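Everything below concerns the one structure shown next.
This one's a predicted model, so the numbers in the text were calculated from it and none came from an experiment.
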Amino acid sequence: LEEENAILRSKISKLQILSETQADKLRKLEKKLEENKIKEEKEAQDLEAMVQHVEQNLQLMTKRAARAESSAAKLRQENAQLQAELRSCRQQNEALRAGQAVAKQNAEVALQQLLRVTASSRASIRQLLSGAESLQLVAGLLRSLDRISEV
């Protein structure tokens, strides 16, 4: 019995040591578990903060994109208006050039007509002068005849 008792005590002692070892392991694992929980909570908070930051950035980017799209639409509209104005100005420029060419042609025609009228007027003036001289000669002859008849 004593021998069996000693064996049992030895087993109990071994089991107590094993139990204490396992209790130590358990405490260490519980401590590690607690540390991991704290670490995970901190990581979760960090992730949540990061997600919030990303969401804020996304909202800002969305607003910027909306403003950029609006601005781009306005610029496209302004560009279309400017293109239309440019086409209009080009058409006016072409019309003015065409009008200038027509005016130049009309001025050339008017100049030619003026030159013809001037030449014709000079001939008419020469004829008038020649006729006036002839009339003066006739008047002179008539005076002479009148004097002769008086005499």
Side-chain angles (χ1 to χ4, degrees), residues 11 13-151:
K11 283 185 181 180
S13 172
K14 286 179 185 177
L15 285 174
Q16 282 178 343
I17 291 172
L18 183 63
S19 175
E20 286 175 12
T21 306
Q22 287 180 349
D24 282 345
K25 269 187 178 180
L26 182 63
R27 281 190 294 274
K28 287 178 183 177
L29 288 174
E30 285 176 346
K31 186 177 178 183
K32 197 168 191 173
L33 180 65
E34 189 63 30
E35 289 172 355
N36 283 343
K37 281 183 183 179
I38 292 170
K39 187 177 179 182
E40 284 179 8
E41 285 177 11
K42 186 178 183 321
E43 287 176 357
Q45 289 173 353
D46 290 346
L47 282 174
E48 182 65 29
M50 192 183 305
V51 167
Q52 287 178 355
H53 184 70
V54 168
E55 286 176 350
Q56 288 173 351
N57 284 344
L58 185 60
Q59 288 174 352
L60 287 173
M61 289 175 153
T62 303
K63 286 179 183 177
R64 286 180 189 160
R67 277 187 260 148
E69 286 177 12
S70 174
S71 178
K74 286 178 185 176
L75 289 173
R76 280 192 291 274
Q77 185 179 10
E78 186 178 335
N79 188 21
Q81 289 174 346
L82 290 173
Q83 293 271 344
E85 283 182 39
L86 178 63
R87 281 191 295 276
S88 174
C89 287
R90 283 184 178 162
Q91 289 172 350
Q92 288 176 354
N93 195 9
E94 288 175 12
L96 288 173
R97 284 185 182 154
Q100 186 179 18
V102 169
K104 190 174 182 180
Q105 187 177 8
N106 287 345
E108 187 66 33
V109 169
L111 176 64
Q112 294 300 321
Q113 289 177 351
L114 281 174
L115 289 174
R116 274 189 256 135
V117 169
T118 304
S120 173
S121 297
R122 284 184 181 158
S124 295
I125 289 171
R126 284 189 203 118
Q127 286 177 352
L128 279 173
L129 287 175
S130 172
E133 288 175 1
S134 297
L135 285 175
Q136 283 178 349
L137 183 61
V138 170
L141 285 174
L142 285 175
R143 272 190 224 127
S144 297
L145 285 174
D146 215 16
R147 285 187 200 150
I148 294 174
S149 34
E150 285 179 12
V151 170

Rounded to the nearest 0.5 Å, what separation is found between the [atom1] atom of [X] and the [atom2] atom of [Y]?
{"X": "Arg87", "Y": "Leu82", "atom1": "CZ", "atom2": "CG", "answer": "10.5 Å"}
{"X": "Leu96", "Y": "Gln100", "atom1": "CG", "atom2": "CD", "answer": "8.0 Å"}
{"X": "Leu141", "Y": "Leu135", "atom1": "CG", "atom2": "CG", "answer": "11.5 Å"}
{"X": "Leu47", "Y": "Glu40", "atom1": "CG", "atom2": "CD", "answer": "11.0 Å"}
{"X": "Glu34", "Y": "Leu29", "atom1": "CD", "atom2": "CG", "answer": "13.0 Å"}

Going by the salt bridge (Lys or Arg N to Asp or Glu O under 4.0 Å) test, which pairs reach into residues 41-65, not counting sequence neighbours?
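Only Lys42-Asp46 qualify under salt bridge (Lys or Arg N to Asp or Glu O under 4.0 Å).
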Distance-only donor-acceptor pairs under 3.5 Å for side chains of residues 102-130, two or more places apart:
residue: Glu108; atom: OE2; partner: Gln112; partner atom: NE2; Å: 3.3
residue: Thr118; atom: OG1; partner: Leu114; partner atom: O; Å: 2.6
residue: Ser121; atom: OG; partner: Val117; partner atom: O; Å: 2.8
residue: Ser124; atom: OG; partner: Ser120; partner atom: O; Å: 3.1

Could you tell me which residues satisfy side chain to side chain contact (heavy atoms under 4.5 Å, CB included) with Ile148, sequence neighbours excluded, listed by chain and number?
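For Ile148, no residue satisfies side chain to side chain contact (heavy atoms under 4.5 Å, CB included) once neighbours in sequence are set aside.
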Assess whether side chain to side chain contact (heavy atoms under 4.5 Å, CB included) is satisfied between Lys32 and Lys28, documenting all intermediate values.
CA-CA 6 Å; Lys32 197 168 191 173; Lys28 287 178 183 177; over 6 Å; no
How would you list all residue pairs meeting side chain to side chain donor-acceptor pair (under 3.5 Å) that involve residues 66-84, not counting sequence neighbours?
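Counting only pairs at least two positions apart or across chains, no side chain to side chain donor-acceptor pair (under 3.5 Å) contact touches residues 66-84.
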Just to verify, what does Arg27 make a salt bridge (Lys or Arg N to Asp or Glu O under 4.0 Å) with, not counting sequence neighbours?
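Applying salt bridge (Lys or Arg N to Asp or Glu O under 4.0 Å) to Arg27 gives Asp24.
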Hey, are the side chains of Leu33 and Lys37 touching, using non-hydrogen atoms and a 4.5 Å cut-off?
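They are in side-chain contact.
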Step through the shown structure and confirm whether more than 12 heavy atoms of other residues, nucleotides or ligands are within 6.0 Å of CD on Glu35.
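Atom CD in Glu35 is crowded, with more than 12 foreign heavy atoms closer than 6.0 Å.
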Is there a side chain to side chain contact (heavy atoms under 4.5 Å, CB included) between Lys14 and Leu18 once you walk through the steps?
CA-CA 6 Å; Lys14 286 179 185 177; Leu18 183 63; over 6 Å; no
